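If you're wondering where the values come from, they're calculated on a predicted model, not measured in any experiment. Positions are given from 1 along the sequence.
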Amino acid sequence: MEKLTQLFEDIVKLWGAYGGWSGQYMVGIRRTLLLAVAATLIGCLIGLLCGILNTIPYSKSDNIVKRFFLKLIRVVVRIYVEVFRGTPMILQAVFIFYGIPYFSGVQPFQGNTGMWMAALLVVSINTGAYMAESVRGGIISIDPGQTEGAKAIGMTHVQTMVNVVLPQALRNIIPQIGNNFIINLKDTSVMFIIGFVEFFATHRSIVGINLMYFPSATIEMIGYLTMTLVSSILLRWLEKKLDGDDNYELVQADQLTLAAGTYSHPHTPEKALERSLKKEEER
């Protein structure tokens, strides 16, 4: 109990010195959130492009040039996906940040803006590799009959993808997009390797000043847990909104729709009697 009390006091002391809206911890949190949101959006666009290119159909009757380029695109996308899914993000950051100057002799990532660009590039490309497979899976999960029906009414492949397949596929992969965003919230912590100062790098900097490692790490744990929990709640709310209402009411006001009980079949007994009386009157 004494240790817990001491831990609480140390946390309060650290937060008082480095917390608050303009404190180093909050600055680190804002930079982490901004990087995660921007990289997830860009990664989704990369994944969407790769997923669409990877599912363009072709057959043996198509032009040989078309088949060659489509096969080449699929090979390039497959290499990209396997490389960036199969290696740690921290090494990808090292290869991009230090590898480009090593081979070109030019350092394109200079200053604070350069750090942002390097971090955004690494996280976006990594996210795009995961999203490419998610988008491909979402596209092939749509019933092929819908694609055939769209083509039967004269839609091109682009029109079919935009108006029929993608709206359904994107709804199916919303959970995966949210999952990648939460992963990015945590994985941005490896960007300290290239000098980018986000939430985890802020913790390292503060610990270097006061040597209170565990209390600062506890603040980090609480901060990351809060960000991921809030993100999960918001993403579940978005999924429910996209699902729509659970209960539906049938429309009865349409003039072309007859309500139940207002229509009589011409061969019912009442109608038959009415026709018989009408004939008698005519005679």
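- Of the inter-residue distances, the one linking Leu185 atom CG with Tyr224 atom OH reads 8.5 Å to the nearest 0.5 angstrom.
- One distance of note links CG of Leu53 with CZ of Arg136; it measures 13.5 Å at 0.5 Å rounding.
- Under the 4.5 Å side-chain heavy-atom criterion for grouping Ile, Leu, Val, Met, Phe, Trp and Tyr, Phe199 is not connected to Met221 through any hydrophobic cluster.
- Inter-residue side-chain proximity for Gln168 and Gln146 is flagged as met; some heavy-atom pair is nearer than 4.5 Å.
- Rounding to the nearest 0.5 Å places SG of Cys44 at 9.0 Å from CG of Leu170.
- A single hydrophobic cluster is seen to contain both Ile79 and Val81, as judged by linkage of ILVMFWY side chains at heavy-atom distances under 4.5 Å, directly or through other members.
- Between Val123 and Ala39 the shortest heavy-atom distance is CG1-CB, 3.4 Å.
- Listed for the Asn126 side chain is no donor-acceptor partner under 3.5 Å among the backbone atoms of Val122.
- Considering only residues two or more places apart in sequence or on other chains, Arg31 meets the side chain to side chain donor-acceptor pair (under 3.5 Å) condition with none of them.
- Applying the ring pair (Phe, Tyr, Trp, His ring centres under 6.0 Å) rule to pairs touching residues 111-154 yields Trp116-Phe196, sequence neighbours excluded.
- For the ring-ring contact (aromatic ring centres under 6.0 Å, His included) test, residues two or more places apart in sequence or in another chain that qualify with Tyr25 are Trp15.
- Of all non-hydrogen atoms in Asn172 and Gly138, the two that sit nearest each other are ND2-O, 4.5 Å.
- The two residues Ala150 and Thr160 come nearest to each other via the heavy atoms CB-OG1, 3.6 Å.
- In this structure, the side chain to side chain donor-acceptor pair (under 3.5 Å) partners of Ser61, at least two apart in sequence or on a different chain, are Ser59.
- The two residues Glu198 and Ala201 have their closest heavy-atom pair at OE2-N, 2.9 Å.
- With sequence neighbours excluded, no residue satisfies ring-ring contact (aromatic ring centres under 6.0 Å, His included) with Phe8.
- Residues Val165 and Thr147 meet the side-chain proximity criterion, which asks for heavy atoms closer than 4.5 Å.
- For residues 180-189, the pairs satisfying side-chain hydrogen bond (donor to acceptor under 3.5 Å, both in side chains) are Thr40-Asn184, Thr127-Asn184, with sequence neighbours left out.
- Closest non-hydrogen pair, Pro101 versus Ile96, comes out as CD-O, 4.3 Å.
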Practice task
Verify side chain to side chain contact (heavy atoms under 4.5 Å, CB included) between Leu235 and Ile177, making sure each step is shown before the conclusion.
Solution key: CA-CA 9 Å; Leu235 288 166; Ile177 294 175; over 6 Å; no
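- The two residues Thr226 and Ile222 come nearest to each other via the heavy atoms OG1-O, 2.7 Å.
- Listed by chain and number, the residues in a ring-ring contact (aromatic ring centres under 6.0 Å, His included) with Tyr213 are His203 (sequence neighbours excluded).
- A donor-acceptor pair under 3.5 Å links the side-chain atoms of Thr55 to the main chain of Gly51, judged by distance alone.
- Listed by first and then second residue, the salt bridge (Lys or Arg N to Asp or Glu O under 4.0 Å) pairs that reach into residues 4-27 come to none, sequence neighbours excluded.
- For the side-chain hydrogen bond (donor to acceptor under 3.5 Å, both in side chains) condition, no pair includes a residue of residues 95-110, sequence neighbours left out.
- In this structure, the side chains of Arg236 and Ser232 come closer than 4.5 Å at one or more pairs of heavy atoms.
- You'll find the side chain of Leu121 stays beyond 4.5 Å of the side chain of Ile42, heavy atoms only.
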Practice task
Dump the intermediate steps for side chain to side chain contact (heavy atoms under 4.5 Å, CB included) on Leu49 and Val135, then the final yes or no.
Solution key: CA-CA 9 Å; Leu49 178 62; Val135 172; over 6 Å; no
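- Separation of atoms CD (Glu133) and CD (Gln176) is listed at 10.5 Å; rounding is to 0.5 Å.
- Criterion: ILVMFWY side-chain heavy atoms under 4.5 Å apart, direct or through other members. Under it, Ile125 and Ile100 are part of a common hydrophobic cluster.
- A donor-acceptor pair is defined here as one N or O able to donate and one able to accept, closer than 3.5 Å; such a pair exists between the side chain of Gln92 and the backbone of Phe84.
- Cluster membership for Leu45 and Val37, using ILVMFWY side-chain heavy atoms within less than 4.5 angstrom, is not shared.
- Applying the under-4.5 Å side-chain rule to Ile, Leu, Val, Met, Phe, Trp and Tyr, the cluster around Val230 extends to Leu234.
- Side-chain N/O atoms of Gln24 and Thr202 include no donor and acceptor closer than 3.5 Å.
- Annotation: ring-ring contact (aromatic ring centres under 6.0 Å, His included) contacts of Tyr18 (sequence neighbours excluded): none.
- Heavy atoms from other residues, nucleotides or ligands lying under 6.0 Å from CZ of Arg85 number more than 12.
- The line from CE of Met191 to OG1 of Thr32 is 11.0 Å long, rounded to the nearest 0.5 Å.
- Taken together through direct or relayed side-chain contacts under 4.5 Å among Ile, Leu, Val, Met, Phe, Trp and Tyr, Phe95 and Met117 form parts of separate hydrophobic clusters.
- Side-chain contact between Pro215 and Leu7: present, with at least one pair of heavy atoms (C-beta onward) separated by less than 4.5 Å.
- Checked by atom type and distance alone, the side chain of Glu220 never pairs as donor or acceptor with a backbone atom of Ser216 at under 3.5 Å.
- In this structure, the separation between OG1 on Thr228 and CD1 on Ile182 is 6.5 Å, given to the nearest 0.5 Å.
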Return a table of donor-acceptor pairs under 3.5 angstrom between the side chains of residues 66-77 and protein atoms on other chains or two or more places apart.
{"residue": "Arg67", "atom": "NE", "partner": "Asp62", "partner atom": "O", "Å": "3.3"}
{"residue": "Arg74", "atom": "NE", "partner": "Asn54", "partner atom": "O", "Å": "3.3"}
{"residue": "Arg74", "atom": "NH2", "partner": "Ile56", "partner atom": "O", "Å": "2.5"}

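- Around CD1 of Ile64, the count of heavy atoms belonging to other residues, nucleotides or ligands within 6.0 Å does not exceed 12.
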